Amino acid sequence: MRCVRNMRWGVLVLFLAGCGASSYPYRVMNDDCSCETFRVKDEKANVAYTFSAVYTLDEAMKTRISVSMQNNSTDTLDLSLAYIKIASRNIPYRYNGKFLSVTIPGVPPGEQRMLTLEGEVEEIKETDPWRAIAGEELVVTLKGVRVHKKTIATQVVRFVPHNPKLSL
């Protein structure tokens, strides 16, 4: 497992630059790591994952989570029975805490696919939405991925948002 610190992605900047809102990263808090991009490799299945997320808080809370899957095995990575769940502590996203089918095709040997999840909430129950961010945590669970007709290890990644109101 490896933590990649302070990696930036140009594609996400384009997504969040449209309305003048500033974007902020989530930090992955797994395996003694506090990083914006988290990489983990399933050595047994020879599959590598990269997780990252960003958000904006303007009139609405918008979040984008990216999960990249690199198939280094000799068989296609089967996602037909794969599910992903995003569980938010403070933000009432539409499918919060529910498993959803992964909708990208299988990943052939030596190739990579990106799964992007977007969530938006128009109204946060706090009078100051930054208070909801202060205690926020997202947990991403990816399960049911198969290779060689066998289900491989479930991936669970914990995200905590960077809150610029708490910066020193």
Side-chain angles (χ1 to χ4, degrees), residues 1-19 21-31 33-42 45-58 60-73 76-121 133 136-147 152-164:
M1 291 172 222
R2 193 170 94 191
C3 173
V4 178
R5 298 183 190 279
N6 299 322
M7 185 175 192
R8 304 281 183 207
W9 349 270
V11 174
L12 296 179
V13 172
L14 292 174
F15 156 71
L16 296 168
C19 299
S22 295
S23 65
Y24 305 99
Y26 277 87
R27 297 195 66 79
V28 176
M29 307 301 279
N30 276 44
D31 301 329
C33 178
S34 173
C35 48
E36 291 178 20
T37 301
F38 181 72
R39 291 187 180 151
V40 61
K41 185 172 183 182
D42 184 324
N46 208 8
V47 175
Y49 302 91
T50 303
F51 294 86
S52 61
V54 293
Y55 75 96
T56 60
L57 185 58
D58 201 4
M61 170 76 178
K62 296 178 185 175
T63 299
R64 176 178 272 195
I65 300 168
S66 299
V67 180
S68 171
M69 292 169 263
Q70 172 70 44
N71 182 5
N72 298 316
S73 75
T76 297
L77 192 61
D78 182 1
L79 303 172
S80 64
L81 298 177
Y83 292 90
I84 193 160
K85 175 175 73 172
I86 312 300
S88 171
R89 180 187 295 166
N90 293 348
I91 310 298
Y93 292 109
R94 181 175 179 189
Y95 295 107
N96 190 31
K98 297 177 180 166
F99 278 103
L100 302 172
S101 298
V102 171
T103 57
I104 59 175
V107 185
E111 292 190 23
Q112 178 179 343
R113 295 279 189 273
M114 177 77 72
L115 174 63
T116 302
L117 304 149
E118 296 177 356
E120 181 174 347
V121 174
I133 295 301
E136 173 63 329
E137 176 183 79
L138 287 177
V139 178
V140 176
T141 305
L142 177 64
K143 70 176 189 174
V145 177
R146 299 181 310 161
V147 69
I152 61 177
T154 297
Q155 299 296 317
V156 179
V157 178
R158 185 175 149 248
F159 288 95
V160 176
H162 166 72
N163 185 338

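The figures that follow rest on heavy atoms only: side chains count, while hydrogens, waters and symmetry mates do not. Residue numbers start at 1 and run along the sequence shown. These numbers come from a predicted model, not from an experiment.
Contacts of N72 classified as side chain to side chain donor-acceptor pair (under 3.5 Å), with partners at least two apart in sequence or in another chain: Q70. With sequence neighbours left out, the side chain to side chain donor-acceptor pair (under 3.5 Å) criterion links N90 to no other residue. With sequence neighbours left out, F159 forms a ring pair (Phe, Tyr, Trp, His ring centres under 6.0 Å) with no residue at all. Considering only residues two or more places apart in sequence or on other chains, Y49 meets the side chain to side chain donor-acceptor pair (under 3.5 Å) condition with none of them.
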Quick one: side chains of residues 103-112, donor-acceptor pairs under 3.5 Å with protein atoms, not counting sequence neighbours, listed by atom name and distance.
residue, atom, partner, partner atom, Å
E111, OE1, R113, NH1, 3.1
Q112, NE2, S68, OG, 2.5

Would you sort out whether V47 and L77 count as a side-chain contact (heavy atoms from CB on, under 4.5 Å), showing the intermediate values?
CA-CA 8 Å; V47 175; L77 192 61; 3.7 Å; yes
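Two residues are said to be in side-chain contact when any heavy atoms from C-beta on lie closer than 4.5 Å; N46 and K41 meet this criterion. Between N30 and F51, the closest side-chain pair of non-hydrogen atoms is not below 4.5 Å. Between V28 and T37 there is no side-chain heavy-atom pair separated by less than 4.5 Å.
Distance check, rounded to the nearest 0.5 Å: CG of L57 to CD1 of I91 gives 7.5 Å. Atoms CE and CD, on M69 and Q155 in that order, are 10.5 Å from each other to the nearest 0.5 Å. Rounding to the nearest 0.5 angstrom, the gap separating the CG atom in L100 from the CG atom in L117 is 8.0 Å. One distance of note links CG of L138 with OG1 of T63; it measures 6.0 Å at 0.5 Å rounding. Atoms CD1 and CE, on I133 and M61 in that order, are 3.5 Å from each other to the nearest 0.5 Å. Of the inter-residue distances, the one linking H162 atom NE2 with S23 atom OG reads 10.5 Å to the nearest 0.5 angstrom.
The two residues I65 and A53 make their nearest non-hydrogen contact at CG1-CB, 3.9 Å. Among all heavy-atom pairs drawn from A45 and S73, the shortest one is O-CB, 3.5 Å. In this structure, Y55 and P25 approach most closely via the heavy-atom pair CE2-O, 4.1 Å.
Side-chain atoms of E36 and S52 form no donor-acceptor pair, as typed in the model, at a separation below 3.5 Å. Side-chain contact, D78 with S80: a donor N or O sits under 3.5 Å from an acceptor N or O.
Between Y83 and F99, the ring planes lie perpendicular to each other; the angle is over 60°, past the 30° to 60° tilted range.
Each of V102, V157, I84, T116 was scored for a side-chain contact (heavy atoms from CB on, under 4.5 Å) with V67, with one residue passing: I84.
Screening residues 81-110 for salt bridge (Lys or Arg N to Asp or Glu O under 4.0 Å) gives R89-E137 as the qualifying pairs, with residues at least two apart or on separate chains.
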